[in-house]
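Before any comments, here is the structure.
Starting from 1, each residue takes its place in the sequence as its number.
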Amino acid sequence: MKKSTIFAIIIIVVGILVMGLAAYRIWELKQVYVQADSTYDDLSSMVRKNTETGARASMVNNTGDDGFTVNNLNEAIIHIPTFELDFEMLVSINEDAVAWLYSPDTVIDYPVMRADDYEYYLNHLADGTVNANGSLFIDYNNAHDFSEELTVIYGHHMKSGSMFGSIVGYKEQAYFDKHPFMYLYTQNESYRIDLLYGRLVSASEWIEHGFMHASNIEDLLSFSAAQSTFSSDASYEKGDRIIILSTCSYEFNDARYFLVGILRAGE
């Protein structure tokens, strides 16, 4: 057999192996997404007391299932869609669960975990399963009950769009106009999150400014307002509780995108 023929055969075999490995990696990645989606769907079905009304209501036409307007900042009463959770069940699955975050008409519909570091919930689901999707989790420098002036929640920006993948939509004004609110549910209180700013930042800049600490909240707000990706009618007053939702972005190395919101207790 000629050397050229042998070389051609080797090239073909190597090509087949490379293609096979690539196909396997794609399948493996999809399995990560499938496992995570299945786990969170199962968790939701176990802890939701009602899943077809209230919080599941679309914000299309600005009206929930019960008829009240749900996205009017000028209303005297803050209405929050009904969203009953069996927190005892949720905590029995994982005692780190402290809340549930919901954004109408998006994929954000997940439990929020307390954390002791920045590592564990990057690759563990809410039931403790090892998975690259991870969980939404609170910065360990913040109180876990949202009682302090600042709470930061982190989540992955998955290529599937899951976890916090959808918040990068707030880089466009039109997306904000359709999704000006999110909702946070804890065992003792329910909140509407009035979104105020959205901003890109480098991870190093975030750390350098210490934006995860409430003592730097005025700098955080000034920084966020300076180049917010959308304009909001929401307003901040001294003493309001601020919530940050942070995820990866890909405009440059170590880019992060975060939302600044104000917690408004329902009535």
Side-chain angles (χ1 to χ4, degrees), residues 36 39-51 54-57 70 78-118 120-122 124-129 131 133-157 162-167 179-196 212 214 217 240-247 258-267:
T39 296
Y40 283 117
D41 285 345
D42 290 346
L43 183 62
S44 178
S45 67
M46 285 190 288
V47 304
R48 292 274 187 91
K49 290 185 177 180
N50 77 335
T51 59
R56 287 292 187 181
V70 295
I78 295 173
H79 293 292
I80 295 177
T82 302
F83 194 96
E84 296 184 43
L85 295 171
D86 186 341
F87 266 95
E88 288 187 6
M89 172 67 76
L90 186 58
V91 172
S92 72
I93 296 169
N94 189 334
E95 63 182 6
D96 286 345
V98 294
W100 197 284
L101 182 67
Y102 176 71
S103 176
D105 298 330
T106 78
V107 300
I108 297 177
D109 190 6
Y110 299 112
V112 179
M113 319 305 287
R114 64 177 181 83
D116 296 323
D117 55 41
Y118 291 125
Y120 184 80
Y121 282 112
L122 288 177
H124 286 80
L125 304 180
D127 67 348
T129 302
N131 185 288
N133 264 47
S135 303
L136 306 186
F137 65 95
I138 294 174
D139 192 299
Y140 69 87
N141 293 287
N142 306 151
H144 302 144
D145 61 358
F146 304 91
S147 61
E148 294 182 342
E149 195 173 1
L150 177 68
T151 305
V152 182
I153 299 177
Y154 302 102
H156 280 308
H157 176 183
S162 61
M163 308 314 293
F164 271 171
S166 63
I167 74 169
H179 308 90
F181 300 131
M182 294 189 191
Y183 299 94
L184 185 76
Y185 302 85
T186 71
Q187 189 162 14
N188 299 314
E189 188 63 87
S190 298
Y191 303 95
R192 188 180 73 187
I193 300 173
D194 294 358
L195 297 176
L196 184 61
M212 73 291 292
I217 199 166
D240 283 343
R241 281 179 287 172
I242 295 295
I243 186 165
I244 304 294
L245 309 177
S246 177
T247 196
F258 66 92
L259 295 175
V260 179
I262 303 169
L263 283 181
R264 305 293 192 196
E267 299 181 21

Would you check, one step at a time, whether the test side chain to side chain contact (heavy atoms under 4.5 Å, CB included) holds for Y185 with I80? CA-CA 10 Å; Y185 302 85; I80 295 177; 3.6 Å; yes
Does [X] reach the main-chain N or O of [Y] with its side chain, forming a donor-acceptor pair under 3.5 Å?
X    : Y    : result
T247 : G155 : yes
E149 : A214 : no
S44  : D41  : no
N94  : D127 : no

Looking at [atom1] of [X] and [atom2] of [Y], how far apart are the two atoms once the value is rounded to the nearest 0.5 Å?
X    : Y    : atom1 : atom2 : result
T39  : I93  : OG1   : CD1   : 10.5 Å
L184 : S190 : CG    : OG    : 8.5 Å
E189 : F146 : CD    : CZ    : 12.0 Å
S166 : H179 : OG    : NE2   : 8.0 Å

Does the plane of the ring in F137 sit parallel, tilted or perpendicular to the ring in Y154? Use 30° and 60° as the thresholds.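 Because their plane-to-plane angle lies in the 30° to 60° range, the rings of F137 and Y154 count as tilted.
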Check the angle between the aromatic planes of H124 and Y120 and answer parallel, tilted or perpendicular using the 30° and 60° thresholds.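 Parallel: the ring planes of H124 and Y120 meet at under 30°.
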Measuring only between side-chain heavy atoms, which start at C-beta, is [X] closer than 4.5 Å to [Y]?
X    : Y    : value
L90  : L43  : yes
I193 : L263 : yes
Y110 : S162 : yes
M163 : V107 : no
M113 : I138 : no
Y183 : L101 : no
V91  : V98  : no
I153 : I243 : yes

Less than 3.5 Å apart, any donor N or O on the side chain of [X] or [Y] sitting next to an acceptor on the other?
X    : Y    : result
D145 : S147 : yes
D117 : Y140 : no
N188 : T186 : no
N133 : Y40  : no

Might you point out which heavy atoms bring [X] and [Y] nearest each other, and give the distance in Å?
X    : Y    : result
S135 : A126 : OG-N, 3.1 Å
M212 : N141 : CG-ND2, 3.7 Å
M46  : M89  : O-CG, 3.9 Å

Could you walk me through whether Y191 and M182 pass the side chain to side chain contact (heavy atoms under 4.5 Å, CB included) check? CA-CA 9 Å; Y191 303 95; M182 294 189 191; over 6 Å; no
Starting from the C-alpha separation in whole Å, work towards a yes-or-no answer on side chain to side chain contact (heavy atoms under 4.5 Å, CB included) for D240 and R264. CA-CA 8 Å; D240 283 343; R264 305 293 192 196; 3.4 Å; yes
As a test of understanding, state which of D139, V260, I217 forms a side-chain contact (heavy atoms from CB on, under 4.5 Å) with L150.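 Among D139, V260, I217, the one meeting side-chain contact (heavy atoms from CB on, under 4.5 Å) with L150 is I217.
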Should the pair R192 and F181 be classed as cation-pi, given the thresholds of under 6.0 Å to the six-membered ring centre and 45° from the axis?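 So R192 does make the cation-pi contact.
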